[in-house]
There are 2 protein chains.
Amino acid sequence: MQIGELARTTATKVETIRFYEKIGLLPEPGRTSGNYRDYGAAHLARLSFIRRARDLGFTLDQVRELLTLSDDRSRSCSAVDTVARAHLAQIDQKIADLRALRRELDELIGQCSQGAISDCRIIEALGPSAQNGH
Amino acid sequence: MQIGELARTTATKVETIRFYEKIGLLPEPGRTSGNYRDYGAAHLARLSFIRRARDLGFTLDQVRELLTLSDDRSRSCSAVDTVARAHLAQIDQKIADLRALRRELDELIGQCSQGAISDCRIIEALGPSAQNGH
DNA sequence: TCTTGACCCTGTAGTTGCTATAGGGTGCAT
DNA sequence: ATGCACCCTATAGCAACTACAGGGTCAAGA
Ligand SMILES: [Zn+2]
Ligand SMILES: [Zn+2]
Ligand SMILES: [Zn+2]
Ligand SMILES: [Zn+2]
């Protein structure tokens, strides 16, 4: 299987596959006589894993850790659980941050009376003397 | 006012101030005889504006646009409103995306029975044959 | 046989928004 | 004169790709 087909199968750009290889996430495949990369089922499996984990928002470092863990089939999966739960906590934090932001911005927009810039509460609130009471 | 004081006043790193100058967001200040940057009230006001907008999650391009708009005091602020509402929509989208992610991940974690890796539903779900029904 | 076109290769630079060095100069106090 | 805090420029690094530039490979069609 050459890189283009692997890319289509996993909905990944060709450049991204080469990038994963360069950073050691995806093992180097064999080469054809014409120096084309030649992938097999194991590569497809590994890349699918990477992509799914990325879709779930894991960082590449976390993906690397999950891959290492998953390669040791006999050990307990509590380490996997730990990685996953840490990621969940990060997501919760991000959601909370964004909600606070959203509240601020919404409040600001609600005060804009669509007049001249010099009266605009949005611009005013961004100005140097504005105090943010939150 | 030299750069360190401006940095402390606006809770910005010195390097960040120089970076804003380099990308044309903050105008070049005058220099002292010893080639130190010398800032005045206008710079402080502008940097405060930038920082507040960044805190609200606007991108540097959006900040640039807001600054340009705010410099024309007589025009209508509807353009400002447009930028702010677009940003709000982006935030809402991000929150929605993160919530969907969170739901997926939470579901996955709930299925992990803390056994061996080979039985772990998290690892399994990341594998190549896993179908995601969502 | 020659050429076209789709595919592949390497290597490097760009993206966003900073941050962190390295290797110096300035200014003031002791 | 020496220390120290502060400043200067220039460059490289971070995440996680993405986009070239400038080539090589391979199968099909005229
Ligand atoms: Zn408020
Ligand atoms: Zn307004
Ligand atoms: Zn699910
Ligand atoms: Zn498990």
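Numbers restart at 1 for each chain; the letters A, B, ... are given by sequence-line order, proteins then strands.
Residue Lys22(A) is the one, among Lys22(A) and Gly34(A), whose nearest nucleotide of DNA chain D lies closer to the 5' end (criterion: closest heavy atom).
Contacts of Arg8(A) classified as side-chain contact (heavy atoms from CB on, under 4.5 Å), with partners at least two apart in sequence or in another chain: Glu5(A). For Tyr39(A), the ring pair (Phe, Tyr, Trp, His ring centres under 6.0 Å) partners at least two apart in sequence or on another chain are His43(A). Ala42(B) pairs by the side-chain contact (heavy atoms from CB on, under 4.5 Å) definition with nothing, not counting sequence neighbours. Residues satisfying the side-chain contact (heavy atoms from CB on, under 4.5 Å) test with Lys13(A), not counting sequence neighbours, are Glu15(A), Thr16(A).
Rounded to an integer number of Å, the gap from CD of Glu28(A) to C1' of dC8(C) is 16 Å. Counting to the nearest Å, the C1' atom of dC18(C) and the CG atom of Asp55(B) are 14 Å from each other. Taking atom CZ on Arg31(A) and atom C1' on dC8(C), their separation rounds to 10 Å, with Å as the unit. dC8(D) atom C1' lies 12 Å from atom CD of Gln2(B), rounded to whole Å.
Taking side-chain N and O atoms only, Arg51(B) has a distance below 4.0 Å to OP1 or OP2 of dC18(C). The side chain of Arg54(A) places an N or O atom within less than 4.0 Å of a non-bridging phosphate oxygen (OP1 or OP2) of dC17(D). Remark: Arg37(B) is not in phosphate contact with dC7(D), judged by side-chain N or O atoms under 4.0 Å from OP1 or OP2.
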Steps toward side chain to side chain donor-acceptor pair (under 3.5 Å) verdict (Tyr20(B), Arg51(B)): CA-CA 11 Å; Tyr20(B) 288 157; Arg51(B) 290 263 105 192; 3.0 Å; yes
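Between the side chains of Asp38(A) and Gln2(A), no donor N or O sits under 3.5 Å from an acceptor N or O.
From one end of the helix from dT1(C)-dA30(D) to dT30(C)-dA1(D) to the other, with five pairs defining each end axis, the axis direction shifts by 40° (rounded to 10°).
Among the nucleotides dC17(D), dG17(C), dA16(D), the one closest to the side chain of Thr59(A) is dA16(D). Comparing dT9(D), dG17(C), dC17(D) by their nearest atom to the side chain of Leu60(A) picks out dC17(D).
Among the atoms of the strands shown, none is found under 4.0 Å from any heavy atom of Arg64(B). If you check every strand for non-hydrogen atoms under 4.0 Å, Thr32(A) touches nothing. If you check every strand for non-hydrogen atoms under 4.0 Å, Ile3(A) touches sugar and phosphate atoms only. Among the heavy atoms of the strands lying under 4.0 Å from Tyr20(B) are primed sugar atoms or P, OP1, OP2 only; no base atom is included.
Using a 4.0 Å cut-off between a side-chain N of Lys or Arg and a carboxylate O of Asp or Glu, Glu21(B) and Arg37(B) qualify as a salt bridge.
Heavy-atom distances under 4.0 Å link DNA chain C to Arg18(A) of residues 11-19 of chain A, given in residue order.
The line from CG of Asp92(B) to CZ of Arg99(A) is 11.0 Å long, rounded to the nearest 0.5 Å. Annotation: the span from Leu47(B) atom CG to Ile17(B) atom CD1 amounts to 5.5 Å, rounded to 0.5 Å.
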